[in-house]
Structure formats: C-alpha cells, structure tokens
Amino acid sequence: MRFVIVAAALAAFAAPALAQDPTDPNGDKRTHELNAEVKARLDAQTAAEARAQAEYQAAQAKYEADMAAHRAAMARYEACVAGDQSACTPATGS
C-alpha cells in the first residue's frame, strides 16, 4: 500500500515538470534532464506495478486451482466414508 501512495505522490509532484516538452530548445537543460529522469522512474514504476499485478493474479489462480483440487479430494473422502467404495481409490494424476 505504501508503494502505491509513494508512486501517486511522485506522479502528482512530477506532473507539472513533465508538462514541459523535453525537446524544447528554449527550456533549461537541467530541467529537461530532471524531467527525463522522473519520466523514466515513473515508467519503471508503472512496469513494476504491472509485473506485480500479473504475479498476484498468477498466484491467485494457482491458489484457486489448489483449493479446487483439495475440495475434490475432500468430496472423494466424504463419499468413501459414506460407503462409496469407488471413491476410496486415489484419484489418478494426483
């Protein structure tokens, strides 16, 4: 959460500086350099957030698949306990 707040604050403070055209020959060279640095950091931040989101979604999908497999195993166990002998054999592929 702190990561997102810092990124939002950086974006808010960088927005006016990024509004200047970095190729404007009438601008201050150091300002343009700083603008380019801030833009590069913001772009890197955006890419890092996209990677983190993709990793989170992959982990969530894996968790959901693991839980589905667990629920299926529990259903087989409960059926076995209830007397269904065909459910007492282990599932193939597990």
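Note that these values count all heavy atoms, side chains included, but never hydrogens, waters or copies made by symmetry.
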Glu55/Arg51 salt bridge by N-O under 4.0 Å criterion
no
Of all residues at least two apart in sequence or in a different chain, which pass the side-chain contact (heavy atoms from CB on, under 4.5 Å) check with Ala52?
none
Report the distance from atom CG of Leu42 to atom CD of Glu37, rounding to the nearest 0.5 Å.
10.5 Å
Partner residues of Gln57 under the side-chain contact (heavy atoms from CB on, under 4.5 Å) criterion, sequence neighbours left out:
Gln53
Among Ile, Leu, Val, Met, Phe, Trp and Tyr joined by side-chain contacts under 4.5 Å, find the other residues sharing a cluster with Leu34 and list them by chain and number.
none
Taking distance alone, no hydrogens or angles, what donor-acceptor pairs closer than 3.5 Å link side-chain atoms of residues 59-67 to residues at least two apart or in another chain?
residue	atom	partner	partner atom	Å
Lys62	NZ	Asp66	OD2	2.8

For Arg30, which residues count as a salt bridge (Lys or Arg N to Asp or Glu O under 4.0 Å) partner, sequence neighbours excluded?
Glu33
Kindly state each residue pair satisfying disulfide (SG to SG under 2.5 Å) with at least one member in residues 36-88, sequence neighbours excluded.
Cys80-Cys88
Which residue pairs pass the disulfide (SG to SG under 2.5 Å) test when at least one of the two sits in residues 32-70, sequence neighbours left out?
none
Co-members of Val81 in a cluster of I, L, V, M, F, W and Y side chains, linked at under 4.5 Å
Met74, Tyr77
side-chain contact (heavy atoms from CB on, under 4.5 Å) with Ala73: which residues, sequence neighbours excluded?
Arg76
